[in-house]
Amino acid sequence: MTTSPEYIARRVFRQQHKFSELFDMLDEVYDPEIPGVSLWDLGVLQDVSVDVAGRCKVTICPTYSGCPALNIMQEDIKACLDKYGHSDVDIEVSLSPAWTTDWISPRGRQLMIESGIAACEHIVVCPLCQSRGVRLLSQFGSTACKSLYKCENCFETFDYFKPL
Amino acid sequence: MDTPLLKYVLGLADDNMVLSQRLTEWCSNGPTLEEDIALTNVALDILGRARMFYQYASVLDEQKRSEDDFAMCRSEREYTNLLIHELPIGDFAFTMARQWFLDEFSQLYFSALSHSKDETLAGIAAKCIKESGYHLVRSRNWICVLAEGTEESRRRLLAAIDELWGYRHELFETTQAESLLSGVAVNRADLKDTWMTNINDLSARLNIELPDKDWFVTGGRRGEHSEHLGPMLAEMQYLARCFPGAKW
């Protein structure tokens with residue numbers, strides 16, 4: 001599993017962050033469609049802060065511009081922070097710099113593979129039998145961020161999380 | 001009175017809103033299940049673009065209209081999309097030929113817009129261009145499949161290109177609002193040669209003879225539309241008009 005330089009930079013940013021405990025709380029917020037992959041793992045969660053009045057600000061970066069999961073993610077962030085006593089939460093959606101699959105954590109990639117999704121490595125490998133003999137069925141799969149492949153070895157169809 | 005920047009942003013929003021609505025008409029009607037899903041995913045990306053532009057328009061608007069107000073409460077004469085976006089979906093060849101023309105255009109357009117002096121527009125463009133790359137791979141593939149498929153698929157593709165041909169000019173026409181936004185708006189005329197080269201290259205590879213008779217329709221940015229936009233908006237806006245302020 002490759003660890004991108006972009007992810008290493010994000011990890012350092014988080015570890016040295018003044019409000020790193022907020023990142024830890026938000027590890028409980030998952031992508032609505034990929035079991036166990038947190039918004040941090042996905043590279044959606046960008047920054048957090050709390051002002052003197054106790055107001056939280058969370059910055060997220062949408063994956064694909066039309067992704068319908070974004071609204072659910074915002075609700076889940078608010079519900080999670082509310083549980084920890086932060087009821088006043090402002091969510092900023094940041095478009096720039098644009099989200100990239102390079103921000104996905106190695107853990108996120110591993111969990112995708114375990115869920116039967118080929119992670120966004122540049123070579124497509126069947127997540128079930130690890131064969132490289134795969135064929136593109138459709139440029140877009142179950143969601144805009146994935147395409148649909150078929151394994152020529154085990155004949156299973158699977159989603160491939162596209163590099164972006 | 002709308003400022004040139006607001007007019008510019010609304011034009012881009014309307015282009016994407018109308019195209020997205022057209023593509024969603026394929027939902028449950030695609031030729032195969034995979035194509036059905038792919039087309040509706042492309043529609044979703046394009047709806048996302050429309051929303052980003054409408055949200056920015058909302059920030060710029062003195063009347064403080066929301067993105068829903070812009071999309072759901074303006075009539076056809078207030079919509080300023082370019083005409084090519086509003087044409088009915090036709091058959092699958094027509095849909096893919098239009099998509100090919102527009103995906104080739106979007107790649108060039110968003111690449112130029114990502115250098116805009118306006119940071120919000122540059123940010124939206126940088127986001128769109130990555131997704132648009134996948135759309136273009138797909139539409140080019142389909143043009144190859146249709147051109148080299150059966151006699152029937154080739155005939156339909158050529159008919160679609162013929163029908164679309166005169167609508168391409170409007171993509172490269174500078175509006176008054178754009179001419180007032182130097183450094184912010186993309187100079188459309190600059191994109192024309194590259195776009196034409198890209199269309200020519202693939203056509204030549206597939207032995208597609210592009211139409212020799214040229215014609216030109218325009219008016220979308222002034223709110224002068226074909227007869228097709230009104231019925232489309234009536235359907236799209238039905239719920240919002242019947243139940244103002246309805247929420248999920």
Side-chain angles (χ1 to χ4, degrees), chain A residues 6 32-33 43-44 46-47 59-75 91-104 117-118 120 122 124 134-151 156-164, chain B residues 13 16-17 19-20 23-24 26 30-56 96 99 103 106 110 114 116 118-142 145 247-248:
Chain A
E6 290 83 358
E33 291 188 342
V44 165
Q46 291 292 306
D47 202 359
T59 308
I60 57 172
C61 195
T63 54
Y64 279 67
S65 44
C67 182
L70 194 67
N71 291 342
I72 299 166
M73 291 174 180
Q74 298 187 30
E75 284 168 22
I91 299 178
E92 187 187 74
V93 177
S94 154
L95 298 177
S96 183
W99 179 83
T100 159
T101 38
D102 292 333
W103 292 346
I104 296 176
I117 301 166
C120 38
H122 282 272
V124 186
V134 296
R135 181 163 63 89
L136 177 69
L137 288 182
S138 178
Q139 196 77 49
F140 294 86
S142 60
T143 59
C145 52
K146 303 184 206 108
S147 46
L148 192 63
Y149 274 81
K150 184 179 181 182
C151 177
E156 195 63 62
T157 52
F158 63 91
D159 270 338
Y160 166 59
F161 206 103
K162 290 178 280 192
L164 193 71
Chain B
N16 288 293
M17 186 72 222
L19 180 63
S20 165
L23 287 174
T24 56
W26 280 103
T32 64
L33 183 59
E34 288 78 9
E35 277 319 306
D36 199 299
I37 292 169
L39 271 174
T40 39
N41 269 312
V42 173
L44 200 57
D45 280 346
I46 294 173
L47 179 66
R49 281 186 207 165
R51 291 195 58 187
M52 291 190 283
F53 286 123
Y54 280 135
Q55 283 162 5
Y56 186 36
M96 290 323 296
Q99 214 50 42
D103 291 341
S106 292
F110 288 127
S114 69
S116 171
D118 184 300
E119 280 179 22
T120 307
L121 289 177
I124 295 173
K127 184 106 195 93
C128 293
I129 195 167
K130 294 171 124 193
E131 300 168 4
S132 181
Y134 280 109
H135 301 170
L136 180 59
V137 169
R138 187 181 124 77
S139 52
R140 277 184 184 163
N141 274 343
W142 264 112
V145 169
K247 294 241 181 306
W248 283 109

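In what follows, every chain begins at residue 1, and chains take the letters A, B, ... in the order their sequences are listed.
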Hey, can you pull the donor-acceptor pairs under 3.5 Å for the side chains in residues 61-72 of chain A, sequence neighbours left out?
residue: A/S65; atom: OG; partner: B/E131; partner atom: OE1; Å: 2.7
residue: A/S65; atom: OG; partner: B/E131; partner atom: OE2; Å: 3.2

**Prompt:** Where does A/L148 contact chain B at under 4.5 Å (heavy atoms): side chain, backbone, both or neither?
**Reply:**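 When you check distances to chain B, only side chain atoms of A/L148 fall under 4.5 Å.
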**Prompt:** Which region of A/S147, side chain (C-beta onward) or backbone (N, CA, C, O), has a non-hydrogen atom less than 4.5 Å from a non-hydrogen atom of chain B, or is it both or neither?
**Reply:**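 The answer is neither part of A/S147.
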**Asked** Can you tell which of A/T100, A/L95, A/L137 has the highest number of heavy-atom pairs within less than 4.5 Å of chain B?
**Response**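 With the most close heavy-atom pairs to chain B, the winner is A/L95.
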**Request:** Could you tell me which of B/D45, B/L39, B/I37 has the largest number of non-hydrogen atom pairs under 4.5 Å with chain A?
**Result:**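 Ranked by heavy-atom pairs under 4.5 Å with chain A, first place is B/D45.
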If you take all heavy atoms of [X] and [Y], which pair is closest and at what distance?
X      : Y      : value
B/A38  : A/S138 : CB-OG, 3.5 Å
A/T143 : B/N41  : C-OD1, 3.4 Å
B/K130 : A/W99  : NZ-O, 2.8 Å

**Asked** According to the interplanar angle, ranging from 0 to 90°, do the rings of B/H135 and A/F140 count as parallel (below 30°), tilted (30 to 60°) or perpendicular (above 60°)?
**Response**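 Aromatic pair B/H135/A/F140 classed tilted.
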